[in-house]
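All remarks here apply to the structure that follows.
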Amino acid sequence: MNAPAPQQDYLARLNPEQRLAVETLDGPLLVLAGAGTGKTSVLTTRFAHLLMTGRARPWQVLAVTFTNKAAREMRERVATILGQPAEGLWLGTFHALCARMLRRHAEIVGLKSNFTILDTDDQMRLLKQIMEAAGGIDSKRWPAQGLMAVIQRWKDRGLTPARITPAEDSDYANNRARALYDAYQRRLIELNAADFGDLLLHVTEILRTRADILADYHRTFRYILVDEYQDTNLVQYLWLRLLAQNEDPTRRNICCVGDDDQSIYSWRGAEIENILRFEKDFPGARIVRLESNYRSTKPILAAAAGLIARNEGRLGKTLRAGRQDAEGDKVRVVSLWDSEEEARMVGERIEQAQRKGHPLSEFAILVRAGFQTRSFEERLITLGLPYRVVGGLKFYERAEIRDAMAYLRFLHQPADDLAFERIVNTPKRGLGDSGMRALHQAARAENIPLALAAERIAETDTLKPKPRTALRELMRGFVRWRGINEKEGHVVAAATLLDESGYTEMWKQDRSPEAPGRLENLKELLRALGDYQTLAGFLDHVALVMETDENAEAERVQLMTLHAAKGLEFDTVFLPGWEEGLFPSQRSLDEGGDKSLEEERRLAYVGITRARRTATISHAANRRIYGNWTSSLPSRFLDELPEDAIIREGQSTIRANRMADTPSVFLGQSGLMARRPRITDANPWDTRERPPRESSLTKGERVFHQKFGYGTITDIDEDRLDITFDHTGPKRVLDRFVQKASEV
DNA sequence: ACAAATATGATGGGT
DNA sequence: TCATATTTGT
């Protein structure tokens with residue numbers, strides 16, 4: 001099998017400005033890439049160009065992205081140009097690259113190279129323990145989540161506990177945050193664990209204090225490529241600057257690609273100032289602007305441009321329409337009565353367009369906040385339109401997967417107290433609060449891992465007989481499973497462990513409708529495990545990637561947040577919920593004044609520029625929030641759209657639809673006539689309106705549910721039905737909520 | 001020790 | 001409104 005030949009014409013595909021960005025190889029370079037201007041092409045072509053021209057060997061380029069998806073895409077596209085996959089690349093997310101570096105130098109910060117990367121759950125549990133141990137903190141007034149936020153912010157800024165002066169302490173828990181942070185960091189080291197922030201923090205600290213190690217990396221890296229530079233936080237910036245400030249002036253080749261107008265991650269510690277300051281930070285820097293947009297029609301670009309022009313402190317770019325067929329429909333702004341009607345409008349338009357032959361994958365509904373997806377999901381289910389929620393509940397966040405992962409972590413790393421804590425009584429082994437307290441006490445007294453304490457305590461009569469035998473059995477099991485891991489490999493060991501520990505059995509016994517799905521997920525986990533050479537490699541993958549590869553771009557409507565949509569494009573984009581308090585969000589209005597308002601506006605800009613041909617913005621006059629109806633005003637962003645790029649649509653076009661219960665509403669210039677929400681009015685899925693029906697349902701029967709669509713009954717218990725729905729999976733519902741499918 | 005009942009708070013986003 | 005945390009009951 002021959003490898004495909006490397007491409008020769010890769011430069012010819014670029015326009016002059018893109019080509020300049022690819023061929024300016026020496027010295028610092030900032031590429032300001034507007035939305036849809038071919039940023040990814042430039043980045044990947046530049047990477048391939050470095051290798052093709054012999055300027056660098058694959059391992060001499062450091063290429064950093066924010067998301068795993070971007071890293072994967074870059075890897076694939078570079079391979080396409082080269083005609084073969086490149087080996088030994090330093091290409092990955094900030095976190096993945098730092099994890100790799102930290103494993104090499106772990107001992108410098110007191111970790112072992114096999115340290116565990118903690119997830120958010122673990123962090124929280126650990127922080128709660130630390131706060132408990134510190135004593136005297138009212139956990140009602142000072143929730144652990146607050147401390148986590150404070151610590152994360154410090155880590156985002158590259159501040160180790162030692163670098164924080166008492167004066168800089170947060171007012172959290174009466175200036176005790178710094179001390180708690182210190183205790184937390186010590187405990188992490190004891191546990192041989194690092195949280196996400198630590199990956200960057202530790203590595204940056206090492207590069208700052210160990211000139212020899214920094215010099216090693218300087219010898220290695222000749223070129224640095226950074227994607228989405230506008231989203232870097234301070235510690236990421238410091239890390240990059242350390243690596244880029246090579247003693248060898250011919251190696252100060254850092255190329256950052258970004259767009260200040262798409263900086264939307266300040267809540268994660270990102271500092272837009274990093275990109276605004278680039279020329280000062282890297283003397284002799286050149287700037288190349290990419291302003292030819294090949295994605296969108298003129299009205300879409302005009303709407304986006306008019307909006308973003310309201311922001312101050314921009315580096316400044318003007319997008320030109322670059323496509324041949326850039327004429328197109330104006331951006332539609334639709335006013336609706338309530339959020340249900342909004343969902344109906346979107347569903348109907350998708351249905352209509354689909355009938356004209358447009359594939360569903362070319363429609364996207366982009367919302368401000370995750371909870372907004374629900375009303376659209378319900379509507380799409382009723383219409384029978386398949387959809388995909390991007391970034392919804394992730395595979396590795398499900399309870400059964402977390403449990404299984406804890407088993408594997410503990411198998412790999414017997415000192416992983418947090419993992420041990422999670423599994424020791426799952427399934428139930430009779431070890432409750434008092435038993436756990438005894439374990440903790442023993443561990444703390446001798447300063448040993450929980451598991452070791454458990455082994456010892458199982459030989460004494462501290463515990464009651466039942467938990468004692470169970471615990472002894474479990475610990476012996478792990479000795480055996482570790483043996484299997486050595487001899488027969490991690491896949492066999494994992495399967496045996498989940499079986500013999502009783503974990504799989506626990507879900508087999510579980511009668512709830514979700515149980516079979518959970519067992520399926522466990523099988524899927526074992527399959528995924530087989531893709532990795534070692535258990536350690538798999539654990540890292542899960543901690544850093546948190547996603548499965550099976551997210552094929554199927555024939556489905558795409559539903560996601562505006563944040564998740566960055567970098568994507570669709571023919572038709574719906575932008576619902578443009579209302580004051582929702583978008584811009586109340587929180588951004590409350591906290592940072594103009595600065596965060598500008599970030600919301602950038603988010604709106606990102607949203608509009610996702611569309612190739614059609615963009616439909618909407619707002620509803622009434623929306624249910626926390627379960628009760630609230631009326632809302634149109635977003636100020638609607639008034640900022642240039643009139644000649646948009647066309648406003650009111651209730652009139654919506655009137656034609658079949659839901660005749662919607663009262664007529666009149667539009668003013670900037671909003672809807674005020675009318676109180678119909679709190680007690682009739683509502684099509686209110687159960688009281690449904691004529692009472694004898695429950696004559698039987699197992700295996702097809703039924704219809706207003707929210708979940710069609711499904712099959714799997715079990716009946718009095719008035720409770722277990723139903724596997726075609727689109728949403730198994731659920732337990734009351735019988736009065738469903739109709740026989742034959743009666744619909 | 002575990003299940004059920006009740007209270008509380010979230011909904012801003014990802015490695 | 002829903003999901004989780006805490007309290008109460010067996």
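A note on names: the letters A, B, ... follow the listed sequences, proteins ahead of strands, and every chain is numbered from 1. What you see is a predicted model; the values in this text were computed from it and never measured.
Phosphate contact (OP1/OP2 of B:dG12, side-chain N/O of A:Arg368, threshold under 4.0 Å): absent. Between B:dA1 and A:Ser434, a contact under 4.0 Å exists linking OP1 or OP2 to a side-chain N or O.
Within the 4.5 Å cutoff, side-chain heavy atoms of A:Phe376 are placed close to those of A:Glu342.
A:Thr561 comes within contact range of the sugar-phosphate backbone alone, with a heavy-atom separation under 4.0 Å but no base atom that close. The residue A:Asn425 sits close only to the backbone: its heavy atoms come under 4.0 Å of sugar-phosphate atoms, none of a base. Backbone-only contact: A:Asp433 has heavy atoms under 4.0 Å from sugar-phosphate atoms and none from a base. Contacts of A:Phe66 with the nucleic acid, taken as non-hydrogen atoms under 4.0 Å apart, involve only primed sugar atoms and P, OP1 or OP2.
A salt bridge is absent between A:Glu473 and A:Arg429; no separation between the charged side-chain nitrogens and carboxylate oxygens falls under 4.0 Å. Under the 4.0 Å criterion applied to side-chain N and carboxylate O atoms, A:Arg602 and A:Glu599 are assigned as salt-bridge partners.
Atom CG of A:Leu366 and atom P of B:dG12 are 18 Å apart (whole Å). What separates CD of A:Glu228 from C1' of B:dT15 is a distance of 14 Å, to the nearest Å. Between the CG atom of A:Leu201 and the C1' atom of B:dT15 there is a distance of 15 Å, given to the nearest Å. One atom, CD1 of A:Ile117, and another, C1' of B:dG14, lie 15 Å apart when rounded to the nearest Å.
The listed nucleotides are B:dT11, B:dG14, B:dT15; the one nearest the side chain of A:Ala564 is B:dG14. Nearest to the side-chain atoms of A:Arg374 among the listed nucleotides B:dG12, C:dC2, B:dT15 stands C:dC2. Nearest nucleotide to the side chain of A:Tyr626, out of B:dG14, B:dT11, B:dA3: B:dT11. Among the nucleotides B:dG12, B:dT15, B:dT11, the one closest to any side-chain atom of A:Asn68 is B:dT15. The listed nucleotides are B:dA3, B:dA1, B:dG12; the one nearest the side chain of A:Glu600 is B:dG12. Residue A:Lys428 has its side chain nearest to B:dA3 when only B:dT15, B:dA3, B:dG12 are considered.
At least one test fails for A:Arg601 against the ring of A:Phe637: distance under 6.0 Å to the centre or angle within 45° of the axis.
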Determine, stepwise, if the pair A:Glu421 / A:His440 fulfils side-chain contact (heavy atoms from CB on, under 4.5 Å). CA-CA 10 Å; A:Glu421 238 176 316; A:His440 272 290; 3.4 Å; yes
